[in-house]
J.: 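Sharing a structure here in structure tokens format.
Lettering of chains follows the sequences in order, A, B, ..., and the numbering in each one begins at 1. Quick note: numbers below take in every heavy atom, side chains included, and nothing from hydrogens, waters or symmetry partners.
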Amino acid sequence: MAAIDIRAVDKSFQKLKVLHSVDLSIDKGEFIVLVGPSGCGKSTLLRMIAGLEEVTGGEIVIGGKRVNDLPPKERNLAMVFQSYALYPHMTVAGNMSYSLRLRKIAKEKIATAVAGAADILGLAPLVERRPRQLSGGQRQRVAMGRAIVREPQAFLWDEPLSNLDARLREQMRAEIKKLHRRLGATSIYVTHDQIEAMTLADRIVAMEAGTIQQIGSPEDLYERPANRFVAGFIGSPAMNFLDAQAAPANAGHARLVTEDGLTFEAIPGLELPSSRQLTIGIRPEHVLLGEAAGEGAKEATVDLVEPTGMGAIVHFRFADISHQAYHLGRASWRAGDSVKVALPTERLHLFDATDGRRLN
Amino acid sequence: MTASASLEQAQPDRRPLKRLGLRVEPYLYSAPAVIIVATVMLVPLVIGMTYAFRDIRLLNPFSGGFVGLDNFRRLAADGDFYLALKNTVFWTAASVFFQFTLGLILALLLNRPFAGRGIAQALVFLPWAVPSFLSGLDWAWLFNPVVGPIPHWLTALGVMSQPENILSDPDLAMWGPIVANVWWGIPFFAITMLAALQSIPADIYEAASIDGAGPFERFRAITLPFLAPTIAIAVLLRTVWIANFADLIVVMTNGGPADRTQIVASYIFTTAFRRLDFGYASAIAMVLLVLLMIYSLLIVILRQTLLARA
Amino acid sequence: MTVTMSRKRFAATLAHRLAVLAFIVVALFPLFWLLKVSVTPTKLLYSEGVRMWPSETTWAHYAFVIENSDFPLFFRNSLIVSLSTALIVTLVAAGAGYAMSRFAFRGKMWLVGLLLVTQMFPLVMLIAPIFKILSSIGLTNSLSGLVLVYTAFNVPFAVFLMQSFFDSIPKDLEEAAMIDGATRFMAFRQIIVPLTLPGMAATLGFVFTAAWSELLFALMLISKTDASTFPVGLLGFVSKFGVDFGQMMAAGVLALIPAVLFFLLIQRFLVKGLTAGAVKG
Ligand SMILES: Nc1ncnc2c1ncn2[C@@H]1O[C@H](COP(=O)(O)OP(=O)(O)OP(=O)(O)O)[C@@H](O)[C@H]1O
Ligand SMILES: [Mg+2]
């Protein structure tokens, strides 16, 4: 049985419809990450699961129980807010124990639970402080501590790391992962951060404009994006897109011709009516540059080289459209140079030009 | 699965009640405020309006009947009322002008950090806490040559030929309550303006100085436009409020000498409180209400046209 | 170059401090004079009229006012009326302010409308009808009558004030509490109210000051000495013993004390309001 079942859920704020028939079934112990552009309804979905927003249509079932009309306190979930939402007038220990005190749990048990959580999170020396005397990272830990002192049916996280600096974010990300492995609790995690999504998720849910675009493992979404939106959203630097048209088949294999005259022969296992419009996608790290491009490569002009340390992002241009390639190691090109470029056929993603559906 | 099914069936019984509970919650929180304001202000307001069309004199047991527009006819011919109207305009305009100007200056002075600003602020805002009746009495005493220094100072400066009480001089009397009002009301404007000043982001000033704007240019190009909406609202509200503010006049001059300090609000109070003529008092109050509404409306329209043109 | 600059700066600073000083002097002088006359022996009052401080001081006026007049009674009445009003208004306004800050409900526009309307019309309009109504139910010459009227007068402003205090507390906090297992009311009581306490103190102070100062309705509604509030008593005293300046001013200073105390309580809220700060910084 699924831990959390979201069935055909709709949400409207007055006239504005922000979620359209969302379906999602989450298994016990699973780590689900919601991603999508700003305003697509991630927080709204999370808050509906928490009971902070009313459900306009459909139903939400937690642990086999329909919770549409249950107030948050009867859902037994824990939530970590982007702002942390620590109670400023309570100490760290007070913040962490509040939920247990509300449940009238025996004092000694509360003390053990708080001490345990503080230990896990390295907060033990800080329990008597107030939130305002803590650093950002420490506050973040307290917010997590508040969630883990009890045993909720699921953890909800709304961009919990977005207020931290990059280094701290990396560190907390690893800790969240460890924590999840240790507690094995069902989690739903909203983030804007690609790496958080890829590293933490068992399954990623990609949303756009209130609808789910794809649900799958990080590898799935990265390697086989279901449509052009997901392809463009997942991955950084983002996938390159080229408009193309199917040309008359060549020995049973589809041939593609792009606007700037690139031709791709023989896409395996794909048959297309000729002159069909489509979009070709290729990830920057799959673009071959220079010597690696080999025979039959196209000439392009380098626009800009951005070294990232591990490699470099090379901006180049075919005809008039700018694309990016990720080149591992040192890039010797400079802006204005001409460079050989090859797009390996087996790395191409093909999408329908009109509805964006994946074709191969 | 069976467990969830049975639970789902059990739900509908409690759902409507829960939903209802959620819907009424805000009304429960606001009910006490609504009830008390409606019964103690709105109901008397409506009743008071009916008084304007009745003959209600507390000392006359035979009064109470409807008299139509009689009260208003009497009002139209009441010279005291016109005098009070004139006095109200003067009282309000002078008070607002000085309160605003001095309040703005004070706010600008306090908007600059300096050692002891907290204390200075507490001290200059202190008059705001002085009960209005007390500030009226206090100033009446200050103007009184028997115990107050002001007439003596004015004489020493040559403004007055001998120490006299300006409150008993028909031509000057109105300045007494105005001075008291200005003293008492500066903090209101200073507080409002200071709050608005502090909400102007500092980096705008920094950007302007980097762009080469001097202090006066910064005041003209940043401070004033930022303050303008607050100034407009504060002046509008304060004007209406001061036009209605009779305490100082009742305490300091009671409208005298020779009705030269009587404003409409104090006239209403005197008519109700001393003559106990509730019907007539309510009629004057209605006229005052209409005048104030026209004033506010004019301001709003003026604002709209100015905004539309800008 | 630097010398002229710093000189110019110095002059500007000096002008600034002098201007502030001038405002302070003007603000305090009338209160100082009140105090001065209240400690001046009657025999010196006329001979030392404009001296800044009498050659001899006395507490006799205060002693007289406290021992031989009704002022202790007036003081007590005013204290009862103002404190009750302040407490009731703060509670009532906290409820409505919370509803306005946290809920979107259909009646909200009407609530705001009602509160705004009551702020716009002249309160003197109500003097006659309120007197009639209260006298018909026996609430004239009664402190409860005054509390009732003052409460209604102060609720609208206090609601807006409380709303702004609640608005400055992030919604996340009570949502977190509700997820932690609190009902909305518990979240209100245990999380929001403690955080709004300074705001409530400010509201209490504002309302107390307003009720302590109210004159016209008190004059109208109270005609008996034993229900008189301070302003009514003081005005009565002035019209009866208009020449005992020392005593009148001693009474005035006494009336000033609670107002100043409450002012000190709230003065730091006058400008700043409450800064949220609770969540991020
Ligand atoms: N209380 C509300 N009233 C009206 N509209 C709202 C409300 N809350 C959210 N919305 C709207 O619903 C949409 C989805 O908002 P939501 O906060 O779920 O986005 P999000 O995916 O979390 O975005 P972000 O990544 O920026 O946090 C937005 O268009 C937003 O403007
Ligand atoms: Mg969000």
J.: C/E174: what forms a salt bridge (Lys or Arg N to Asp or Glu O under 4.0 Å) with it, not counting sequence neighbours?
T.: C/R102, C/R184
J.: Over all heavy atoms of both residues, which pair between C/H16 and B/L109 is shortest? Give the atoms and the distance, please.
T.: NE2-O, 2.7 Å
J.: Assess whether side chain to side chain contact (heavy atoms under 4.5 Å, CB included) is satisfied between B/Y51 and C/K132, documenting all intermediate values.
T.: CA-CA 11 Å; B/Y51 286 3; C/K132 281 279 256 187; 3.2 Å; yes
J.: After noting the C-alpha distance and the side-chain angles of C/F29 and B/W153, does the key distance pass the ring pair (Phe, Tyr, Trp, His ring centres under 6.0 Å) rule?
T.: CA-CA 14 Å; C/F29 180 76; B/W153 291 345; 5.4 Å; yes
J.: Run the ring-centre check on B/F133 versus C/W212 and record whether the distance is less than 6.0 Å.
T.: no
J.: For the ring pair B/F143 and C/W33, is the centre-to-centre distance below 6.0 Å?
T.: no
J.: Aromatic contact between B/F273 and C/F131, with the criterion being ring centroids under 6.0 Å apart: yes or no?
T.: no
J.: Report which part of B/I268 has an atom under 4.5 Å of a heavy atom belonging to chain C: side chain, backbone, both, or neither.
T.: side chain
J.: Which residues pass the side-chain contact (heavy atoms from CB on, under 4.5 Å) test with C/T229, not counting sequence neighbours?
T.: C/S78, C/V81, C/L146, C/A218, C/P231, C/V232
J.: Between B/V250 and chain C, with a heavy-atom cut-off of 4.5 Å, which part of the residue counts as in contact: side chain, backbone, both or neither?
T.: side chain
J.: Between C/A128 and B/F278, which heavy-atom pair has the shortest distance, and what is it?
T.: CB-CG, 3.5 Å
J.: Given a strict heavy-atom distance threshold of 4.5 Å, which part of B/L137 is in contact with chain C: side chain, backbone, both, or neither?
T.: side chain
J.: Where on B/A122 is there a heavy atom nearer than 4.5 Å to chain C: the side chain, the backbone, both, or neither?
T.: both
J.: Can you tell which part of B/L126 gets under 4.5 Å to a heavy atom of chain C, answering side chain, backbone, both or neither?
T.: both
J.: Select one option (side chain, backbone, both, neither) describing which atoms of B/L102 are under 4.5 Å from chain C's heavy atoms.
T.: both
J.: Given heavy-atom pairs under 4.5 angstrom as the criterion, report whether the side chain, backbone, both or neither of B/V34 touches chain C.
T.: both
J.: Aromatic ring centroids of C/F188 and B/Y29 under 6.0 Å?
T.: yes
J.: Given that the side chain runs from C-beta out, which part of C/L123 has a heavy atom under 4.5 Å from chain B: side chain, backbone, both or neither?
T.: side chain
J.: Against chain C, label B/W139 side chain, backbone, both or neither, depending on which of its atoms sit under 4.5 Å from a heavy atom there.
T.: side chain
